[in-house]
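Reviewing the structure listed below.
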Amino acid sequence: MKTHPINSKTGQYTFFENVWAVVRLIPIGRVTSYGAIARYLGSAGSARMVGYAMNAAHGQTPSVPAHRVLNRNGMLTGKHHFGSSDAMQVLLEKEGIVVKNDTVNQFVTLFWDPNVELL
DNA sequence: CGATTGACGTACG
DNA sequence: TCGTACGCCAATC
């Protein structure tokens, strides 16, 4: 299900909001990667844009669970963009995800690939 | 409209 | 194994 929400301000489709729509679909206790989302949206090489979208996702409504989006190694690369440096890890742990050394344990098992789960 | 900006990913030494 | 370099491309300035 490729959702393409419309920007309420501009009335235009934006890559950012497509990213947010996918991120909101991530089940609790599961995680995915920037690259996976980029591929799902048809822009395989736009992984950086996904991260950039997360940067702009702060304060969005409905909220965007950006803490469930990690890099391809399952590392919490964006933790510094949350309130405190530990906020992201705390959010994940609240969902039952174990984080050690800024990396999600069992990342492969918990990985939620929109290309597989949604399609 | 060109330059800049990245919460990435891959390649290379 | 680790650090650096670079391509990627939408949004912003």
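Within every chain, numbering begins at 1; the chains are lettered A, B, ... in the order of the sequence lines, protein sequences first and strands thereafter.
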Could you tell me how far apart A:Met75 (CE) and B:dT10 (C1') are, to the nearest whole angstrom? 16 Å
Could you give the distance from CG (A:Leu76) to CG (A:Asp86), rounded to the nearest 0.5 Å? 10.0 Å
Below 4.0 angstrom from OP1 or OP2 of B:dG9, is there any side-chain N or O of A:Arg39? no
Nearest atoms (heavy-atom pairs only) where A:Leu25 meets A:Ala21: CG-O, 3.3 Å
Closest non-hydrogen atom pair, A:Ala56 against A:Trp20: O-CZ2, 3.5 Å
Backbone N or O of A:Asn73 within a donor-acceptor pair of the A:Asn71 side chain at under 3.5 Å? yes
With the threshold set at under 4.0 Å for non-hydrogen atoms, list the residues of residues 82-109 of chain A touching DNA chain B in residue-number order. A:Phe82
Rounding to 0.5 Å, atoms OG (A:Ser46) and CZ (A:Arg39) come to a distance of 12.5 Å
Check for a donor-acceptor pair, side chain of A:Thr103 on one end and backbone N or O of A:Gly74 on the other, with a separation under 3.5 Å. no
Can you tell me the distance, in whole Å, between the CG atom of A:Leu41 and the C1' atom of C:dA11? 15 Å
Nearest-angstrom distance from the residue atom CE of A:Met54 to C1' of B:dT5: 17 Å
What's touching nucleotides 8-10 of chain C from the protein side, N or O pairs under 3.5 Å?
{"residue": "C:dC8", "atom": "N3", "partner": "A:Arg48", "partner atom": "NH1", "Å": "3.3"}

Between A:Asn55 (CG) and C:dC13 (P), how many Å, whole number? 12 Å
